[in-house]
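Here, residue 1 is the first one in the sequence, and each next residue gets the next number. Here the structure is a predicted model, which means the values were calculated and not measured.
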Amino acid sequence: MKRMIEHVALRVTNLEKSIAFYRDVMGFKPVGRRLIHDGEIDQVVFRVGEDILVLFHAKDFVSDDIEVKGGMDHLAFCMDDAEYNNVIKRLRASGQEPHRGEEKNLGAYGVGYATYFYDPDNVELEIKRYDDPPEQPGPEWYESGRKMSVS
């Protein structure tokens, strides 16, 4: 798998309004919607050409006490096995540890393996690798959601 940006994930404060904006204004095609993290987060996936845009919405993102803004949730990079392992080695050599992973999850090309950590400005980064060929998701990956119309 070539090295590339795998997907961009945004936190949104009004999911239906955001779906309408990215679908109707930007012209992106919604392809899936499901609940993740034990139903706490609603996830909507858009296909943007060959790329993926993910929207996350959770009640924890919204508060009556303070203004909570949407924004970047995380940035994901796809890479081959060797580079994936090298990034983790270099991360550990720099004195940091991943805070999540390695775990299987659904990505732009199917089911892959992901590890998460933070950059110096506390932006969450995900690195992802896939088997060759990538495992394709079965029905179990969509148990809490549904495919969305691309019309």
Side-chain angles (χ1 to χ4, degrees), residues 1-19 21-23 26 28-62 68-94 96-150:
M1 189 78 29
K2 66 182 180 178
R3 186 186 319 189
M4 56 186 256
I5 294 176
E6 210 273 346
H7 66 269
V8 173
L10 302 177
R11 290 183 181 198
V12 299
T13 58
N14 183 318
L15 185 60
E16 297 308 318
K17 190 173 184 179
S18 294
I19 290 170
F21 175 83
Y22 285 103
R23 181 191 59 223
M26 298 300 293
F28 300 159
K29 305 295 183 196
V31 295
R33 182 173 183 169
R34 65 189 181 127
L35 295 173
I36 60 173
H37 295 283
D38 297 323
E40 295 177 14
I41 298 174
D42 202 347
Q43 175 193 60
V44 176
V45 178
F46 289 84
R47 180 62 70 178
V48 184
E50 293 183 19
D51 301 316
I52 296 289
L53 171 68
V54 182
L55 304 182
F56 290 121
H57 179 267
K59 291 178 184 168
D60 289 346
F61 297 163
V62 181
V68 178
K69 296 182 180 181
M72 174 92 60
D73 184 82
H74 68 274
L75 179 60
F77 296 94
C78 183
M79 50 195 58
D80 65 25
D81 288 355
E83 184 63 15
Y84 178 96
N85 291 323
N86 285 333
V87 168
I88 293 171
K89 285 178 189 172
R90 291 191 298 264
L91 179 72
R92 288 183 169 139
S94 76
Q96 298 182 63
E97 284 291 323
H99 70 85
R100 207 171 115 205
E102 177 178 75
E103 61 187 44
K104 284 178 91 171
N105 66 18
L106 189 56
Y109 297 99
V111 179
Y113 301 87
T115 298
Y116 298 81
F117 50 91
Y118 294 100
D119 81 355
D121 291 309
N122 216 28
V123 173
E124 186 177 46
L125 302 179
E126 173 187 349
I127 56 172
K128 185 174 230 104
R129 66 180 182 82
Y130 291 94
D131 291 334
D132 186 17
E135 174 188 340
Q136 293 307 303
E140 71 277 7
W141 286 96
Y142 298 101
E143 285 177 357
S144 67
R146 60 185 168 83
K147 283 193 165 192
M148 294 178 73
S149 168
V150 293

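Summarising the geometry of Leu91 relative to Glu97, their closest heavy-atom pair is CD2-C, 4.0 Å, with the distance given to 0.1 Å. Scanning both residues, Ala114 and Tyr84, for their nearest heavy atoms gives C-OH, 3.5 Å. Heavy atoms only, all atoms of each residue included: Glu40 and Ala58 are closest at O-CB, 3.4 Å. The nearest pair of heavy atoms linking Val48 to Phe28 is CG1-CE2, 3.5 Å. Smallest separation of non-hydrogen atoms from Ala9 and Phe56: CB-CE1, 3.5 Å. Of all heavy-atom pairs between Val12 and His57, the closest is O-CD2, 3.1 Å.
Between Phe117 atom CZ and His74 atom NE2 the span is 11.5 Å, to the nearest 0.5 Å. To the nearest 0.5 Å, atoms CG (Leu106) and CD (Glu135) are separated by 9.5 Å. In this structure, CE in Met79 is found 10.5 Å from CG in Asn85, a value given to the nearest 0.5 Å. Note that CZ of Arg23 and OG of Ser18 are 11.5 Å apart. Values are rounded to the nearest 0.5 Å. From Ile19, atom CD1 reaches atom CG of Leu55 across 7.0 Å, with rounding to the nearest 0.5 Å. Interatomic distance, Ile41 CD1 to Ile36 CD1, rounded to the nearest 0.5 Å: 5.0 Å.
Between Val45 and His7, the closest side-chain pair of non-hydrogen atoms is not below 4.5 Å. In this structure, the side chains of Ile88 and Glu102 stay at 4.5 Å or more apart for every pair of heavy atoms. Using a 4.5 Å heavy-atom cutoff, the side chains of Tyr116 and Glu103 are in contact. Contact of the Glu6 side chain with the Ile52 side chain is not registered, since no non-hydrogen atoms from C-beta on lie closer than 4.5 Å. No side-chain heavy atom of Asp73 sits less than 4.5 Å from a side-chain heavy atom of Leu10. Side-chain contact between Leu15 and Val44 is present, with heavy atoms from C-beta onward closer than 4.5 Å. Counting heavy atoms from C-beta on, the side chains of Val87 and Phe77 never come closer than 4.5 Å.
Arg3 pairs by the salt bridge (charged side-chain N to carboxylate O under 4.0 Å, His left out) definition with Glu83, not counting sequence neighbours. When the salt bridge (charged side-chain N to carboxylate O under 4.0 Å, His left out) test is applied to Asp81, the partners found at least two apart in sequence or on another chain are Arg129. In this structure Glu16 satisfies the salt bridge (charged side-chain N to carboxylate O under 4.0 Å, His left out) test together with Arg33, sequence neighbours excluded.
By the neighbour-count criterion of 12 heavy atoms within 6.0 Å, atom CD of Gln136 is densely surrounded, having more than that number from other residues, nucleotides or ligands.
Remark: the backbone N or O of Tyr109 is paired with a side-chain donor or acceptor of Tyr130 at under 3.5 angstrom.
Judged by distance alone, the side chains of Glu124 and His99 do bring a donor and an acceptor atom under 3.5 Å apart.
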Let's go through Val8 and Leu75 carefully: what are the C-alpha distance in whole Å and the side-chain angles of both, what is the deciding distance for side chain to side chain contact (heavy atoms under 4.5 Å, CB included) to 0.1 Å, and is it a yes or a no?
CA-CA 5 Å; Val8 173; Leu75 179 60; 3.9 Å; yes
